[in-house]
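Reviewing the structure listed below.
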Amino acid sequence: MKKAIAVLAAATLCLTLFSACGGGGTGSSVSYEELMAKFEGEPEQNVTLKILDNDTAVDEGYFDELIAAFNAEYAEYGIKAEDANMSQYTDLETNGPLGYGPDVLYNANDVIMRYAENGHVLPLPTEKLDIYGEGKLDERVSATFSMNRYDMDLQFGVPINVQTLVLFYRADKFADQPDADGNGTPDVLESYASLYEYSKEVRATSTNDNPVYGYVHSLNNEYFNFGFLLSYGAYIFGDSTDDIGLANGEAYKGLRVMQDLASVMDSDASSDAYTVQAYNGIASGKYLATITTPDVYVKFLNALADEYERTEGLSESAAMDKARENLKVADVPALPESGDLDDADSATFEMTTIGGVNGYAISSYTKAPKASLLFVDFASKYEQVVKRASMLGVVPARKDAAEADDTNAYSEMVYNRVEADRVTMMPSVRALTFVWSSVGSMFALVADDVTVTGRGQPSVYQTDDSLKSLLSDTVTNIRGAMEIG
């Protein structure tokens with residue numbers, strides 16, 4: 001009975017906020033002022049906000065510092081923020097209507113905008129948020145949380161950090177490699193062709209009992225591998241989700257590059273286990289370089305520090321200092337125009353990677369929208385975004401924070417890629433979930449065909465036509481999944 005009452009109350013709230021839980025279609029007569037009225041006036045007093053942040057922020061102590069600073073700032077109102085003590089994967093769409101969700105949640109733009117589509121998070125008054133001030137966000141970043149409702153472009157999230165791919169490596173493992181252009185990154189890491197050749201040499205000179213791999217990345221992960229397709233002309237959606245561009249241009253060349261890279265990788269790279277193994281693999285020296293997202297920097301750092309404590313007997317602080325000095329992050333390698341990593345004469349070009357934006361949103365079911373707005377504004381101010389980046393290794397969504405000296409050594413480089421259109425932001429539409437599942441299956445087929453079936457060489461997908469057909473079949477699968485819903 002209590003659950004039924006909770007659902008009825010939540011439905012009433014949704015009706016009030018959005019005319020329907022479907023998010024309020026275009027053509028409604030509601031005005032911007034009416035929609036944002038809930039944020040006007042003095043904030044709610046003597047309230048406790050449940051904040052759902054990500055696990056890394058909690059584990060590394062940043063979240064505790066954030067809420068302590070916020071609570072001190074708004075103590076006069078009796079406003080207190082605390083950990084929601086829920087899984088970071090808690091589904092607001094399911095739990096929010098039952099009264100179990102947080103007031104404020106942190107997640108990726110595609111997840112938050114899926115909630116926005118059905119009215120589970122609130123549109124925000126950007127004029128009340130410091131981060132939406134002129135020049136503080138690149139339009140590509142802010143657009144990830146934008147949706148048209150009531151014939152208005154509304155923002156449903158507060159950008160905190162940018163996600164895309166970067167290259168992680170240990171400096172000591174490449175100390176003997178030249179850096180001809182003096183940019184701080186060894187030349188061998190600046191193109192996939194050179195890294196591929198280097199990886200073949202490294203593997204050939206290591207033993208089966210103690211194998212070393214020059215380069216490894218998760219081969220069945222759609223996020224990590226989509227950039228190989230994008231770089232050769234593919235796109236996710238065109239003007240509508242009916243236009244699926246997975247097979248566009250010369251996208252098949254991206255799969256050829258994947259095949260070449262897979263041939264010099266550990267077979268674990270084509271399994272789900274690799275994502276976890278990568279941290280200790282880099283730390284132990286089994287893997288020399290890998291691509292992943294900046295938000296796992298602290299996991300690589302901690303694994304490397306633990307390795308120094310264990311193998312060199314260093315103190316905890318000395319091991320951490322050495323790990324910080326040795327763990328490096330660089331731009332992703334360039335790709336060959338030919339799509340053939342054995343083609344030493346091919347010109348190269350800069351890779352385009354998939355990306356997204358993580359940020360905060362306010363639940364439609366909160367009883368304290370004004371206090372929640374104060375929290376997301378506080379958490380997205382320059383000082384907090386810089387602190388988050390410096391403690392967690394993430395890349396700030398704010399331009400001014402990305403350029404700060406005290407964030408990390410690579411934030412500005414990543415933001416420059418965003419501004420140069422070298423990062424394709426994940427579309428903030430529900431249909432993306434159907435793309436991920438089908439594309440992930442396709443990448444797994446390509447990887448296993450080399451690492452398992454072919455034992456280092458393609459077995460089934462040996463020709464360009466076979467790769468083109470695989471891409472076309474995957475588009476067909478996506479369309480079928482979207483039709484079923």
Side-chain angles (χ1 to χ4, degrees), residues 50-70 81-92 102 104-112 157-168 217-218 221 223-224 272-283 290-307 316 319-320 323-324 327-329 354-361 375-376 378-381 383-398 401-402 404 406-411 414-415 426:
K50 301 290 186 180
I51 312 297
L52 179 58
D53 214 309
N54 78 332
D55 290 346
T56 303
V58 174
D59 294 342
E60 295 300 317
Y62 169 73
F63 181 68
D64 284 343
E65 292 193 20
L66 169 62
I67 60 174
F70 173 79
E82 65 180 26
D83 191 347
N85 285 318
M86 302 173 184
S87 165
Q88 68 177 30
Y89 303 109
T90 294
D91 187 0
L92 182 67
V104 175
L105 63 146
Y106 174 94
N107 217 315
N109 65 283
D110 58 321
V111 176
I112 287 175
V158 176
I160 298 297
N161 60 278
V162 172
Q163 286 281 65
T164 191
L165 296 176
V166 292
L167 183 77
F168 284 83
H217 78 255
S218 182
N221 185 291
Y223 190 94
F224 290 4
D272 293 334
Y274 172 74
T275 303
V276 176
Q277 292 177 0
Y279 312 129
N280 289 329
I282 290 289
T290 189
I291 56 168
T292 185
T293 52
D295 63 326
V296 296
Y297 173 87
V298 292
K299 295 186 178 182
F300 282 105
L301 186 69
N302 291 338
L304 187 52
D306 289 345
E307 179 76 9
E316 183 178 345
M320 184 58 70
R324 285 196 179 97
L327 181 63
K328 301 297 181 183
V329 179
I354 196 74
V357 180
N358 289 356
Y360 290 110
F375 179 84
V376 298
F378 184 87
S380 59
K381 286 186 183 293
E383 294 78 11
Q384 286 300 329
V385 173
V386 168
K387 179 180 285 189
R388 188 180 191 113
S390 64
M391 290 182 66
L392 307 183
V394 296
V395 175
R398 292 180 65 121
D406 48 352
T407 51
N408 49 59
Y410 48 86
S411 284
V414 172
Y415 215 100
M426 294 185 295

Subject >> Interatomic distance, R398 atom CZ to Y415 atom OH [nearest 0.5 angstrom] >> reply: 10.0 Å
Original post:
Nearest 0.5 Å, what's the CD-OG1 distance between Q163 and T292?
Top reply: 8.5 Å
**OP:** Would you mind reporting whether V166 and Y297 have side-chain heavy atoms less than 4.5 Å apart?
**Re:** no
Original post:
Less than 4.5 Å apart, any side-chain heavy atom of V394 and any of P294?
Top reply: no
**OP:** Could you pull out the closest heavy-atom pair between V162 and P396, with the gap in Å?
**Re:** CG2-O, 3.9 Å
Subject >> Interatomic spacing from CZ in F63 to CG in D83 - rounded to 0.5 Å >> reply: 4.5 Å
Subject >> L301 side, atom CG; L327 side, atom CG - distance, nearest 0.5 Å >> reply: 6.0 Å
**OP:** Answer whether the closest heavy-atom distance between the side chains of T56 and K299 falls below 4.5 Å.
**Re:** yes
Original post:
Taking side chain as C-beta onward, heavy atoms only, is N107 less than 4.5 Å from I112?
Top reply: yes
Result block: side-chain N/O donor-acceptor pairs under 3.5 angstrom for residues 383-393, not counting sequence neighbours:
{"from": "Q384", "atom 1": "OE1", "to": "Y62", "atom 2": "OH", "distance (Å)": "3.0"}
{"from": "K387", "atom 1": "NZ", "to": "E65", "atom 2": "OE1", "distance (Å)": "3.3"}
{"from": "R388", "atom 1": "NH1", "to": "D53", "atom 2": "OD2", "distance (Å)": "3.4"}
{"from": "R388", "atom 1": "NH1", "to": "Y360", "atom 2": "OH", "distance (Å)": "3.1"}
{"from": "R388", "atom 1": "NH2", "to": "D53", "atom 2": "OD1", "distance (Å)": "2.7"}
{"from": "R388", "atom 1": "NH2", "to": "N54", "atom 2": "OD1", "distance (Å)": "3.4"}
{"from": "S390", "atom 1": "OG", "to": "V386", "atom 2": "O", "distance (Å)": "3.3"}
{"from": "S390", "atom 1": "OG", "to": "K387", "atom 2": "O", "distance (Å)": "2.9"}

Subject >> E82 CD: over 12 foreign heavy atoms closer than 6.0 Å >> reply: yes
Original post:
Does the side chain to side chain donor-acceptor pair (under 3.5 Å) test come out yes or no for N161 and Y106, once each step is laid out?
Top reply: CA-CA 11 Å; N161 60 278; Y106 174 94; 2.4 Å; yes
**OP:** Over all heavy atoms of both residues, which pair between F70 and A81 is shortest? Give the atoms and the distance, please.
**Re:** CD2-CB, 3.7 Å
**OP:** Locate the shortest heavy-atom distance separating V376 from S380; write the atom from each residue and the value.
**Re:** O-OG, 2.7 Å
Original post:
Any side-chain heavy atom of L92 sitting closer than 4.5 Å to one from P102?
Top reply: yes
Subject >> Least distance between heavy atoms, N358 atom then A108 atom >> reply: OD1-CA, 3.2 Å
Subject >> Between CG on residue D295 and OG1 on residue T164, distance to nearest 0.5 Å >> reply: 11.0 Å
Original post:
Which heavy atom in M86 sits nearest to a heavy atom in L52, and how many Å separate them?
Top reply: O-CD1, 3.4 Å
**OP:** Quick one: pull up OH in Y223 and CD1 in I354 and give me the separation to the nearest 0.5 Å.
**Re:** 7.0 Å
Subject >> Flag, side chain of T407 to backbone of A404, donor-acceptor distance under 3.5 Å >> reply: yes
Subject >> Non-hydrogen atoms of A283 and E307 that approach each other most closely >> reply: O-CG, 3.4 Å
**OP:** Compare all side-chain heavy atoms of Y279 with those of T290 and state whether any distance is below 4.5 angstrom.
**Re:** no
